[in-house]
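Working notes for the structure below.
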Amino acid sequence: MRTQVAIIGAGPAGLMLGRLLQLAGIEAVILERKSGEYVLSRIRAGVLEQGTADLLRKVNIGARVEAEGLPHDGIEMCFDGDLQRIDFMARVGRRVTVYGQTEMTHDLMEARKASGATTIYEAADVALHDIDSDRPRVTWRKDGVTHTLECDFIAGCDGFHGVSRASVPERSLTLFDRHYPFGWLGILVDQPPVSEELIYAHHERGFALCSMRSMTRSRYYVQVAEGEKIENWSDQRFWDELRRRINPDAAERMKIGPSIEKSIAPLRSFVAEPLRFGSLFLAGDAAHIVPPTGAKGLNLAISDVVMLGDALTEFYGERSKAGLDAYSGKALLRIWKAERFSWWMTSLLHTFPETGAFGRRIQRADFDYLCGSVAAQTSLAENYTGLSLG
Ligand code: FAS
Ligand code: PHB
């Protein structure tokens, strides 16, 4: 089998890259370890930057996000019960769209299926070969047969635990890692959201987030200690803890109900440099991880593949390698700005017992500065709605 670009992973990064290449007339095959149903079963991100929502429309799969996405012009920041709205439209003239990653992945999958492009699901033991040459290959096993795909380039879009970054010799990579001593316990519930906009809350008992998937389905999170077990958290314990941490009137009006999904995600900041090794390019969670506090993970994966898609389009269109040579440096510039913002939001909103009373005063001062400064609110709005790609 031969193609121009082999894409490893059918998450948002791999599927969006496939779409971008297809619209540019470039052939790509996607290899995915899991089934399509499994990929869609993962409950993850919920907020699209303005650029991501615009891109869905640009690549002609914006119908559902238009019809079902919820445009949000701001968020509420809450600190020990005090509220401060950040007005994105007033500060930067941009908004975000609340639209589940699952829905976006579904739209991308459907478009790819309709186009007849090749996606191989349940591809076991995917392995990358000769990635430091201009004739790389990918092998995998399926139905007891080992298959080979020859290609010009490989896009590693296979997430943090994928095979792509692991295929790069350790001496060729520099890894940057920040560990947080807590995780997020999240639930999905078929009840109306407690507020029209998201509420990010800091409380001495820990962080909480009130989000949503639609006007009838809500997504809530509380900070939990590292290593916490999901079986220690009944729904009732979750609701009681969540309502302690947010502003009283929201706690009062919150509609609770049985969780339809409940999971704990660890938090970390991680970047691998560089993002290119020979004919292999890393994008999305394969290259970086951000704590979800800034709603950047999914959006960063998309901005990576927009840059990589442009570089590949330039190569096949003009036989120029300039974009490919510049990809890693250009993507890392935006990645580190998103890492910074996600780290800052996490540092402001979570409890860090090891920083003591002084640390909590600094967090309160950070919040008070935000409340009193248009410049600080503009900075948050600019980062949250998405920095430019240039
Ligand atoms: P993905 O991990 O989504 O996709 C990688 C794909 O590659 C997967 O389908 C995987 O099965 C496949 N794969 C892996 N190894 C392979 C192999 N060897 N061969 C073939 N295929 C392979 N971001 C937010 O913005 N907000 C959130 O609230 C949020 N919550 C999250 C919760 C959890 C539990 C996790 C893990 C992440 C969360 N994220 C969140 C981040 C998340 O949305 C990612 O940023 C986003 O999925 C990145 O997309 P991809 O880079 O495509 O990686
Ligand atoms: C979500 O709705 O899942 C969500 C929203 C905003 C975040 C993280 C998660 O920062």
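One-based numbering, in listed order, for ligands and for the atoms of each. The figures that follow rest on heavy atoms only: side chains count, while hydrogens, waters and symmetry mates do not.
- Interface atoms of ligand 1 facing A265, defined by a heavy-atom separation under 4.0 Å, are 34 (C).
- Of all protein heavy atoms, the one lying nearest to atom 3 (O) of ligand 2 is Y221 OH, 2.6 Å.
- The proximity of T293 to ligand 2, defined as any non-hydrogen pair under 4.0 Å, is limited to the backbone.
- The cationic group of K296 lies under 6.0 Å from the six-membered ring centre of Y384 and within 45° of the ring axis, placing it in a cation-pi geometry.
- Nearest non-hydrogen protein atom to atom 12 (C) of ligand 1 is E32 OE1, 3.3 Å.
- In terms of polar-atom proximity, defined here as any N/O pair under 3.5 Å, H161 makes no such contact with ligand 1.
- Below 30°, between 30° and 60°, or above 60°: for W140 and H147 the angle between ring planes is below 30°, a parallel geometry.
- Some N or O of G297 is nearer than 3.5 Å to an N or O of ligand 1, by distance alone.
- Compare S164, G162, G186, A45 by their heavy atoms: the one nearest to atom 40 (C) of ligand 1 is in A45.
- Both cation-pi conditions hold for R165 and F160: the charged atom is under 6.0 angstrom from the six-membered ring centre and inside a 45 degree cone around its axis.
- For ligand 1, the polar-atom distance check against A286 finds no nitrogen or oxygen pair separated by under 3.5 Å.
- The backbone of L31, and not its side chain, has at least one atom closer than 4.0 Å to an atom of ligand 1 (non-hydrogen atoms only; backbone = N, CA, C, O).
- Annotation: L298 places an N or O atom under 3.5 Å from an N or O atom of ligand 1; distance criterion only.
- Remark: minimum distance from atom 6 (C) of ligand 2 to any protein heavy atom is reached at Y200 OH, 3.2 Å.
- Listed by number with element, the atoms of ligand 1 under 4.0 Å from a non-hydrogen atom of G284 are 51 (O).
- Among R44, K34, Q101, R33, the residue whose heavy atom sits closest to atom 43 (O) of ligand 1 is Q101.
- R42 forms no cation-pi arrangement with Y38, by the criterion of a distance under 6.0 Å to the ring centre and an angle within 45° of the ring axis.
- With a heavy-atom cut-off of 4.0 Å, A295 touches ligand 1 through its backbone alone.
- Between the side chains of H202 and R360, at least one donor N or O sits under 3.5 Å from an acceptor N or O.
- Counting heavy atoms under 4.0 Å from ligand 1, residue V39 touches it through the side chain alone.
- Proximity annotation for atom 1 (C) of ligand 2: of R213, M345, M212, R213 comes nearest, heavy atoms only.
- Using a 4.0 Å cut-off between heavy atoms, Y221 contacts ligand 1 through its side chain alone, with no backbone atom that close.
- Contact annotation: for K296 versus ligand 1, heavy atoms closer than 4.0 Å belong to the backbone alone.
- Ring geometry for Y200 against F207 counts as tilted: the plane angle lies between 30° and 60°, on a 0 to 90° scale.
- Between the side chain of R245 and the backbone N or O of R205 there is at least one donor-acceptor pair closer than 3.5 Å.
- The option from G186, S211, P292 that lies nearest to atom 2 (O) of ligand 2, judged by heavy atoms, is S211.
- The proximity of Y220 to ligand 2, defined as any non-hydrogen pair under 4.0 Å, does not occur for either the backbone or the side chain.
- When heavy-atom distances to ligand 1 are checked against a 4.0 Å cut-off, V126 comes that close only through its side chain, counted from C-beta outward.
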